Asker: 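Would you mind keeping the following structure in view while I ask a few things?
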Amino acid sequence: MSASVTVLPTANAPLLRADGVSIQFGGLKALTDFHLSIQQGDLQGLIGPNGAGKSTAFNVLTGVYQPSQGDVRVCDTKVNGRKPHQINLLGVARTFQNIRLFRALTALDNVKVACRAQTALHQFDTGLVAKLKNASHNYADWWRALLLTPGFQREERRLTEQAEHLLSVMGLSHRRDEEARNLPYGEQRRLEIARALGTQPRVLLLDEPAAGMNTREKADLMVLIRKLRDDFKLGVLVIEHDMKLVMGICEQITVLDHGETIARGAPAQVRSDRKVIEAYLGDSYLESHGGAA
Amino acid sequence: MQTPALPLPESRPLVPPALRGVLPVLLAVPALVLFQWALSGSEFASYLLNVMGVNIILAVSLNIVNGMTGQFSIGHAGFMAVGAYIAGYASLQLKEVALSFLPVAASDQVLFTVALLLGGLAAAACGFLVGLPSLRLRGDYLAIVTLGFGEIIRVVVQNTDAFGRALGLSGIPQYASPSMVFFWVFLVVLAARRLAASSHGRSLWSIREDEVAAEAMGVDTTGYKVRAFVFSSFFAGIAGGLFAHFVPIINPGSFTFVRSMEIVVMVVLGGLGSTTGAVIAAIFLTLLPEGMRSLFGALGTEGSLAQRVDQIRMPIYGLLLVVLMLSRPQGLFGTREIWDVLPKWLSRKGGGRA
Amino acid sequence: MAQLLQHLINGLAAGTIYALVALGYTMVYGVLKLINFAHGDVMMVGVYMGYATAFALGREARGSLVGVAAIFAVAMLGCALLGFLFERFAYRPLREKPRLTALITAIGISFALSYGFQLDIGFLPGASPRAFPEIIEPTEWLIIGDRDVVVWNWQVISFLIAVGLMVGLQYLVFSTRFGQAMRAVSWDHRVAALMGIPTDRVIALTFMLSSGLAAGAGLLYAIKDTSVSPLMGLYVGLKAFVAAVIGGIGHVPGAVIGALVLGLVEEFVVGYAASSWRDAVAFGFLILVLLVKPGGLFGRVAAEKV
Amino acid sequence: EKKTQPTPSGEAGTQAAQGQPAGTGGTPANADTILLGQVGALTGGQATFGISTRNGIELALKEANAAGGVKGKKLAVKVYDNQSKPEEAAQATTRLITQDKVVLILGDVASSNSLAMAEKAQAAGVPMITPSSTNTTVTQKGDYIFRVCFIDPFQGFVMAKFARDELKLGKVAVLQDNKSAYSIDLSDVFTRKFKEMGGMVATTESYSQGDTDYRAQLTAIKKTQPDGIYVPGYYSEVGVIARQAREVGLKVPLMGGDGWDSEKLFELGGSAITGSYFSNHYSPDNPDARVQKFIADYKATYGGVPDALAALGYDAARVAIEALQRAKDLSGPAVRDAIAQTKDFPGVAGTVTLDEKRNAVKSAVVLKVGDGKTQYVTTISP
Amino acid sequence: MSEAQVKTLGERQAFTPLLAVDGIKVHYGAIQALKGVSLTVGMGEMVALIGANGAGKTSTLRAVSGMLKASAGRIQFGGQDTTSLKAHQLVPRGMAHAPEGRGIFPNLTVMENLELGAYLRRDTAEIRADMEKNFTLFPVLKERRNQMAGTLSGGEQQMLAIARALLSRPQLLLLDEPSLGLAPQVTETIFRTLRDVNKAGVSVLLVEQNAHLALNSAHYGYVLETGEVVMAGPGKALLESAEVRRAYLGE
Ligand SMILES: Nc1ncnc2c1ncn2[C@@H]1O[C@H](COP(=O)(O)OP(=O)(O)OP(=O)(O)O)[C@@H](O)[C@H]1O
Ligand SMILES: Nc1ncnc2c1ncn2[C@@H]1O[C@H](COP(=O)(O)OP(=O)(O)OP(=O)(O)O)[C@@H](O)[C@H]1O
Ligand SMILES: CC(C)C[C@H](N)C(=O)O
Ligand SMILES: [Mg+2]
Ligand SMILES: [Mg+2]
């Protein structure tokens with residue numbers, strides 16, 4: 001049973017779009033009037049000081065938080081109020097700032113969990129009939145697992161192959177059967193990306209993928225992110241504090257401060273923006289990187 | 001968790017895929033027939049095996065919610081009660097009915113199975129109801145709701161005339177036999193293992209590990225949690241139904257929260273998430289009190305202390321739980337299965353001697 | 001009207017006892033996230049300690065203020081010691097282990113105590129209930145009408161003690177260094193140690209406090225309902241736990257209010273509806289509260305930042 | 001015989017145990033021991049009853065062995081706990097029958113447990129005598145199941161009659177234990193009979209075994225202003241109920257059944273319970289020498305006045321022993337037939353004659369609770 | 001012992017030992033994380049500990065601060081043997097540890113977290129002053145003083161952890177990857193602060209992924225590889241060594 005996603009990318013609608021999204025926590029405006037649009041092949045950056053609202057933006061885009069204003073659209077379909085798993089099924093995957101792997105599962109299983117989700121039938125109608133149909137389908141699907149139907153076995157094999165493929169893409173094949181919690185930090189980060197890719201996304205959101213990596217690993221990661229974008233035909237949005245990485249790979253960068261978008265543009269442009277330097281980069285960055293290129 | 005990897009495509013499977021699903025069942029049936037034949041005549045062993053089987057079903061099914069999904073349910077006895085009373089009541093009503101096209105014994109077993117399924121389904125429906133709050137509640141709060149639900153079921157039974165109130169239901173035809181009970185044991189273990197190794201099982205594990213991440217990876221966590229509850233309570237209902245058909249009388253006192261706790265103990269002792277662990281813990285804890293009886297029986301039948309030995313079993317049981325948990329805090333096999341662990345133990349032992 | 005008032009008083013009196021037991025649950029849960037299933041049974045042991053002391057003192061002495069103080073002191077200190085031992089040998093070794101593990105040892109201890117006390121070997125009391133001696137001579141504190149409404153001295157005493165303890169605990173937890181340490185330990189005992197907080201000692205003390213409190217509660221309970229039995233901890237413990245959850249487990253005033261509310265709900269179900277449905281209504285009420293407020297009346301479900 | 005004082009047949013017991021090769025469970029009756037079985041609640045909610053019964057049985061066996069045993073053999077009894085749960089009772093019974101191969105089974109007290117046992121005993125053809133299960137259905141399980149006590153319909157009738165005729169009560173309230181089949185049954189019968197006799201039952205409230213606070217129920221009962229309260233529960237709760245009844249200002253007499261009978265009642269109820277009435281199997285006041293000797297012996301061994309359960313346990317064991325003596329051999333049918341023929345057996349709790357339904361046809365006594373002891377009031381016959 | 005194989009690059013400057021770790025081993029179950037690590041931190045010195053992921057940096061810090069028990073080896077702190085002391089016993093002796101993962105109390109407010117940092121101190125007035133000093137270092141914390149710490153952004157949490165550690169007025173500050181997840185500017189600030197703190201007399205043992213930054217600020221550095229110290233030397237010297245440049249700076 002393969003995916004029957006009801007939402008398909010149309011010619012020029014962006015894959016993921018935020019339209020004037022705002023969210024508050026108590027009195028704190030974590031994100032104000034946030035706009036963003038990601039197309040296939042994009043590699044965008046999201047930067048800003050700590051607490052600027054970057055992770056919050058991710059959370060709104062993926063349905064963890066509901067925006068108090070504005071819309072989030074996936075391929076022109078409004079997804080406000082949808083649950084995270086539903087948004088994921090529409091093709092938006094993410095990693096987390098603090099690694100959230102399934103710690104006791106093997107590397108392979110971590111990826112297979114994600115692959116699995118795409119094989120389920122999903123219906124986004126909310127009508128009672130649709131819900132019942134959906135529910136009965138879900139229960140029936142368990143039966144296939146219990147009876148080990150040939151179709152189910154085939155499917156499982158396909159999942160395994162798919163997951164193994166993703167592990168090898170991320171250079172993790174040698175860790176296939178190790179529990180995620182026993183992997184070194186850098187590999188855990190990569191495994192998170194592999195897992196996100198398992199959900200067959202069209203848009204990939206990476207929250208500080210290079211945190212905790214040393215300079216060499218960061219360099220490798222830069223190559224990898226570009227490669228993923230090309231091979232998997234993704235739109236990618238990266239949050240990162242490592243300017244070398246952001247400036248090195250992103251084509252467009254959005255800068256947040258106190259929840260507001262203070263700048264947007266190509267790296268060179270952003271880097272020399274006075275407001276960005278004041279709020280985020282600091283003068284020393286200018287000094288050590290020789291100012292605007 | 002180390003789910004055995006599926007055979008790689010190049011290694012030609014021994015069994016054709018179409019058969020793999022049913023083969024174990026086909027093998028199990030004759031084995032159980034033999035088993036039944038071997039047991040004939042040993043009443044006590046049969047009774048004990050029945051009790052053991054029911055405990056295994058309860059432990060393995062609870063393990064699906066508590067161990068695999070990481071939800072914390074302590075009201076399993078409630079689902080068992082639903083199964084026991086519904087199935088028992090159905091059998092009582094059908095007692096005089098026989099299917100004319102079948103020999104009496106076969107007809108009884110067919111009706112028995114129908115009653116069991118009715119009980120299981122009723123329990124599953126309750127499981128659905130209890131699963132719903134799990135959409136909103138976490139951890140210990142969910143636990144107390146399951147406990148409360150179990151107690152409510154008990155009170156309802158206790159106030160229902162059709163269920164015999166405090167006296168309970170007696171005269172339920174004693175259809176259950178070890179072969180029947182173990183057929184269900186076999187089914188629940190097979191189902192649990194297959195579930196655990198399937199993509200659905202992996203989704204459950206992922207919920208246990210990190211709900212937020214699971215949701216973000218496209219796992220419908222609420223749906224899975226409810227389904228885990230339904231699945232688990234279905235088997236608890238079956239266990240209850242079997243119970244009602246070999247225990248001469250069922251009454252509300254057999255389904256208190258203490259009973260639920262005993263099942264939780266089995267699951268934790270076996271290792272949360274380990275199906276074989278749950279099986280072995282259930283066997284061990286069923287035999288323990290009876291074993292102590294045999295042990296103390298050696299003291300003779302006279303004298304004040306000898307008369308009291310049966311009273312001492314329960315305090316000792318309690319202390320033993322403490323000792324066992326202290327010596328193996330992760331449970332018997334952790335989250336693994338016996339075949340993952342045993343070879344290592346054996347080789348370590350062997351290595352030590354060499 | 002008079003009847004309503006009487007029910008109200010009865011309900012509050014029952015709730016008061018639940019409250020005291022619930023406070024112990026809540027405290028231990030607070031620092032360890034452990035549902036101490038043996039809490040009710042520790043209470044039971046405390047009551048038997050008080051019972052034994054009362055008899056050792058003899059009829060005269062136990063009625064006096066000193067006698068009562070002695071009975072409470074022995075029971076509470078004895079239970080504090082018991083709590084210390086359990087924490088040291090049954091829970092501490094499991095602190096870094098999965099949470100359910102300690103729950104199982106708690107269940108084990110609960111079984112061992114409640115079944116052990118049913119034996120009649122040695123000092124163990126045997127299964128039959130005993131009458132608890134009247135260490136506080138019951139007298140009417142307030143009488144309305146022709147004994148339409150009666151409030152007894154011990155009801156007032158227990159209520160005051162419960163409120164006093166609640167206020168004291170609240171002060172302890174929120175306004176003392178020990179309380180600060182307790183709260184730190186409750187959130188993360190490993191990090192708390194890095195702040196210089198002696199976590200082992202804090203946890204042990206919390207256990208002792210909670211067990212001592214249980215003994216005190218048990219004695220008030222025995223004074224109120226006059227009987228003592230090995231299984232008494234089971235029911236009271238369960239109800240108190242429910243009360244703690246209704247209030248929001250880990251929350252001190254919540255435990256007290258949850259307990260009073262539960263006491264009243266039970267009383268009114270029995271008084272004005274069907275007494276045989278009391279437990280079902282109590283649990284139904286619990287579920288309802290949790291569905292509306294998933295963290296109990298006052299508890300909050302910790303926000304998790306993603 | 002006296003020199004092996006503590007347990008005359010102790011040697012026989014140990015011999016039996018040693019005689020068995022290790023591994024075979026249990027100690028089946030060997031050449032010189034006849035093994036009986038008892039299943040009782042030794043732990044759990046009904047533990048106190050099981051323990052009393054066990055004491056009574058133990059005493060009867062001791063006496064019988066001292067008097068030379070049965071058919072030249074010593075008697076021994078194997079006691080298993082059922083944790084007050086029917087499934088455990090069934091398991092223990094099965095074990096007694098198939099592993100220990102007992103010739104006869106005694107027990108249990110609570111009817112739910114006895115029902116479970118009866119099923120197993122009947123199926124295996126092993127005679128069973130319940131000392132004190134009063135629920136009608138127990139002996140209906142088959143021809144191997146007997147009891148040495150009267151049944152609930154009779155007991156309920158006794159108290160209804162007493163309340164109407166002797167106490168001249170018009171309106172009563174009932175307070176029953178909802179967890180006990182026994183209590184519910186008695187309450188139903190009483191209510192029916194009392195109404196038939198022209199009385200009125202104002203309200204029926206219930207509690208659960210193990211509760212200790214009954215003020216809510218009693219306050220509700222008080223509102224109906226009854227002339228008396230029928231509390232067919234166990235003494236473990238009744239004592240406290242009496243105290244709280246007085247506390248809420250209910251001064252009317254309380255009435256109950258055989259579940260009240262225990263020395264502990266006086267302790268638990270204090271002065272509040274004095275002046276109440278209950279129906280019972282026997283009265284310790286009975287001047288009959290046999291009764292007084294039993295009481296004296298019991299006091300000497302266990303300390304304390306035996307309650308009805310001890311008395312019935314003692315009677316059940318003695319009925320069994322007497323039947324074993326009469327039986328032509330120790331096979332199930334022979335023993336069954338012998339028991340069935342029990343007639344005018346002089347028990348301490350009344351004369352036992354088993355009717356064709358295998359129930360003892362006995363009269364009941366009504367006792368009044370006095371200060372620290374009961375006073376015989378009247379005897380009511382079926 | 002593996003000390004023999006340690007490659008040292010140059011001499012250490014004026015040095016009075018404050019912390020001396022001698023051949024400690026640490027196990028997690030069957031996994032051996034440290035295979036005999038030795039290092040020293042001098043009075044007033046800032047020492048950096050670098051190494052790949054999983055090299056055992058965090059484990060070393062944990063063993064030093066008493067969060068973990070070393071199965072072999074000795075630890076001396078301030079002239080006393082502290083090998084068997086627990087974490088809470090080391091705090092009053094002047095050690096503060098800002099652990100990996102920050103270890104803030106998520107359900108306490110920022111202010112309460114800071115107060116806990118000063119748990120063992122009773123000099124209320126001084127605490128106030130220190131608190132203010134902290135707030136000037138990290139103005140965000142002042143803004144957020146009443147927010148639940150768990151809802152702070154990653155960087156804010158890191159600042160809180162460091163500020164809290166400083167509030168115990170330690171002699172030795174153990175920091176586990178303080179720059180993790182921080183904006184470049186904040187990282188700058190934190191390292192500047194660290195240097196100030198260090199100048200004021202607090203010794204620092206710093207674990208960092210960012211080898212460049214760490215070695216630049218540190219007087220002395222150690223390189224850890226799979227549970228063993230493989231190289232040691234003055235910070236600048238390490239920074240210039242070919243091995244370090246290749247393995248950790250990606251050059
Ligand atoms: N659940 C929440 N409740 C209250 N406040 C929140 C919550 N989540 C985030 N915030 C606040 O919103 C602001 C933005 O947080 P966010 O995590 O988006 O920052 P960020 O840009 O990702 O920072 P960093 O780079 O440090 O990770 C912060 O001030 C944070 O304290
Ligand atoms: N709690 C634990 N249980 C089991 N193994 C652990 C645990 N913590 C660490 N390890 C293992 O010990 C080794 C050293 O880990 P440590 O965390 O000290 O490394 P690190 O140098 O701090 O790495 P990183 O840069 O990733 O933080 C690693 O192999 C790791 O897998
Ligand atoms: C103890 C007795 C009052 C027991 C009661 N006769 C019953 O059948 O349960
Ligand atoms: Mg962030
Ligand atoms: Mg680390």
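These numbers were taken from a predicted model, which means no experiment stands behind them. Within every chain, numbering begins at 1; the chains are lettered A, B, ... in the order of the sequence lines, protein sequences first and strands thereafter.
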Asker: Which of residues 248-274 of chain C have a heavy atom under 4.5 Å from any heavy atom of chain B?
Answerer: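 Residues of residues 248-274 of chain C touching chain B at under 4.5 Å: C:G248, C:I249.
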Asker: Quick one: which of B:V268, B:L321, B:L269 has the most heavy-atom pairs under 4.5 Å with chain C, could you say?
Answerer: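 Counting heavy-atom pairs under 4.5 Å, the top option is B:V268.
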Asker: So what's closer than 4.5 Å to chain B heavy atoms on C:V289: side chain, backbone, both or neither?
Answerer: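 C:V289 has no heavy atom closer than 4.5 Å to chain B.
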Asker: Quick one: list whatever passes side chain to side chain contact (heavy atoms under 4.5 Å, CB included) with B:F128, sequence neighbours left out.
Answerer: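 For B:F128, the residues satisfying side chain to side chain contact (heavy atoms under 4.5 Å, CB included) (neighbours in sequence not counted) are A:Y139, B:L132, B:V226, B:V230.
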Asker: Could you give me the CA-CA distance, side-chain angles and deciding distance for C:F89 and B:V322, then say whether side-chain contact (heavy atoms from CB on, under 4.5 Å) is met?
Answerer: CA-CA 10 Å; C:F89 296 109; B:V322 177; over 6 Å; no
Asker: Which atom pair, heavy atoms only, marks the closest approach of B:I144 to C:F241?
Answerer: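 The pair with the smallest heavy-atom distance is CD1-CE2, 3.1 Å.
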Asker: What do the steps show when you test B:V267 against C:L100 for side-chain contact (heavy atoms from CB on, under 4.5 Å), and what is the final call?
Answerer: CA-CA 10 Å; B:V267 172; C:L100 280 184; over 6 Å; no
Asker: When heavy-atom pairs shorter than 4.5 Å are enumerated against chain B, which of C:I107, C:L113, C:L238, C:I35 gives the highest number?
Answerer: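 When all of C:I107, C:L113, C:L238, C:I35 are compared, C:L238 has the most.
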Asker: Under a 4.5 Å heavy-atom cut-off, does chain C meet the side chain of B:Y141, its backbone, both or neither?
Answerer: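 Both the backbone and the side chain of B:Y141 come within 4.5 Å of chain C.
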Asker: Quick check: do C:R99 and B:D140 have side-chain heavy atoms less than 4.5 Å from each other?
Answerer: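 Of all side-chain heavy-atom pairs linking B:D140 with C:R99, at least one is under 4.5 Å.
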Asker: Tell me, out of C:S110, C:S276, C:G116, C:P93, who's got the most heavy-atom pairs with chain B below 4.5 Å.
Answerer: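 The answer is C:S276.
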Asker: Quick one: closest heavy-atom pair of C:I287 and B:G148, and the distance?
Answerer: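 For C:I287 versus B:G148, the nearest heavy atoms are CD1-C, 4.3 Å.
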Asker: Give, as side chain, backbone, both or neither, the part of B:V156 having an atom under 4.5 angstrom from any heavy atom of chain C.
Answerer: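 Both parts, backbone and side chain.
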Asker: Please report the closest heavy-atom contact between B:P315 and C:L119, naming both atoms and the distance.
Answerer: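 Smallest interatomic distance, heavy atoms only, reads CG-CD1, 4.2 Å.
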Asker: Between C:Q118 and B:Q311, which heavy-atom pair has the shortest distance, and what is it?
Answerer: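 Looking at all heavy atoms of both residues, the shortest contact is O-NE2, 3.9 Å.
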Asker: Search all heavy atoms of C:G284 against all heavy atoms of B:I152 and return the closest pair with its distance.
Answerer: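 C:G284 and B:I152 have their closest heavy atoms at N-CD1, 3.6 Å.
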Asker: Which atoms of C:F37 come close to chain B, meaning under 4.5 Å heavy atom to heavy atom: side chain ones, backbone ones, both, or neither?
Answerer: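 Only the side chain of C:F37 comes within 4.5 Å of chain B.
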Asker: Please output the residues of residues 58-74 of chain B in contact with chain C, using a heavy-atom cutoff of under 4.5 Å, in numerical order.
Answerer: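 Result: B:F72.
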Asker: Which pairs with one or both residues in residues 276-289 of chain B pass salt bridge (Lys or Arg N to Asp or Glu O under 4.0 Å), sequence neighbours excluded?
Answerer: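 Non-adjacent pairs meeting salt bridge (Lys or Arg N to Asp or Glu O under 4.0 Å): zero.
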Asker: Nearest 0.5 Å please: distance from the OG1 atom of C:T105 over to the CG atom of B:L324.
Answerer: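 So the gap between those two atoms works out to 11.5 Å.
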Asker: Please state whether the side chain, the backbone, both or neither of B:L272 comes within less than 4.5 Å of a heavy atom of chain C.
Answerer: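 Answer is side chain: those atoms of B:L272 sit under 4.5 Å from chain C.
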Asker: Using side-chain contact (heavy atoms from CB on, under 4.5 Å), reason through C:I104 and B:V264 one step at a time and then give a plain yes or no.
Answerer: CA-CA 8 Å; C:I104 305 299; B:V264 173; 4.1 Å; yes
Asker: Contact part of C:L291 toward chain B, heavy-atom cut-off under 4.5 Å: side chain, backbone, both or neither?
Answerer: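 Looking at C:L291, backbone and side chain both touch chain B.
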Asker: Non-hydrogen atoms of chain B under 4.5 Å away: do they reach the side chain of C:I109, the backbone, both or neither?
Answerer: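 For C:I109, the contact with chain B is made by backbone and side chain together.
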Asker: Based on non-hydrogen pairs under 4.5 Å, which of C:A106, C:A282, C:A280 is most in contact with chain B?
Answerer: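 Heavy-atom pairs under 4.5 Å are most numerous for C:A280.
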Asker: Between C:L234 and B:F257, does the side-chain contact (heavy atoms from CB on, under 4.5 Å) criterion hold? Intermediate values first, please.
Answerer: CA-CA 10 Å; C:L234 196 67; B:F257 82 96; 3.9 Å; yes
Asker: Based on non-hydrogen pairs under 4.5 Å, which of B:I316, B:N159, B:L137 is most in contact with chain C?
Answerer: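 Heavy-atom pairs under 4.5 Å are most numerous for B:N159.
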Asker: Between C:L290 and chain B, with a heavy-atom cut-off of 4.5 Å, which part of the residue counts as in contact: side chain, backbone, both or neither?
Answerer: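 Backbone plus side chain of C:L290, per the 4.5 Å heavy-atom cut-off to chain B.
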Asker: When you measure from the side chain of C:D279 to the backbone of B:V155, do you find a donor-acceptor pair of N or O atoms at a distance under 3.5 Å?
Answerer: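 No; judged by distance alone, with no hydrogens or angles, the pair does not exist.
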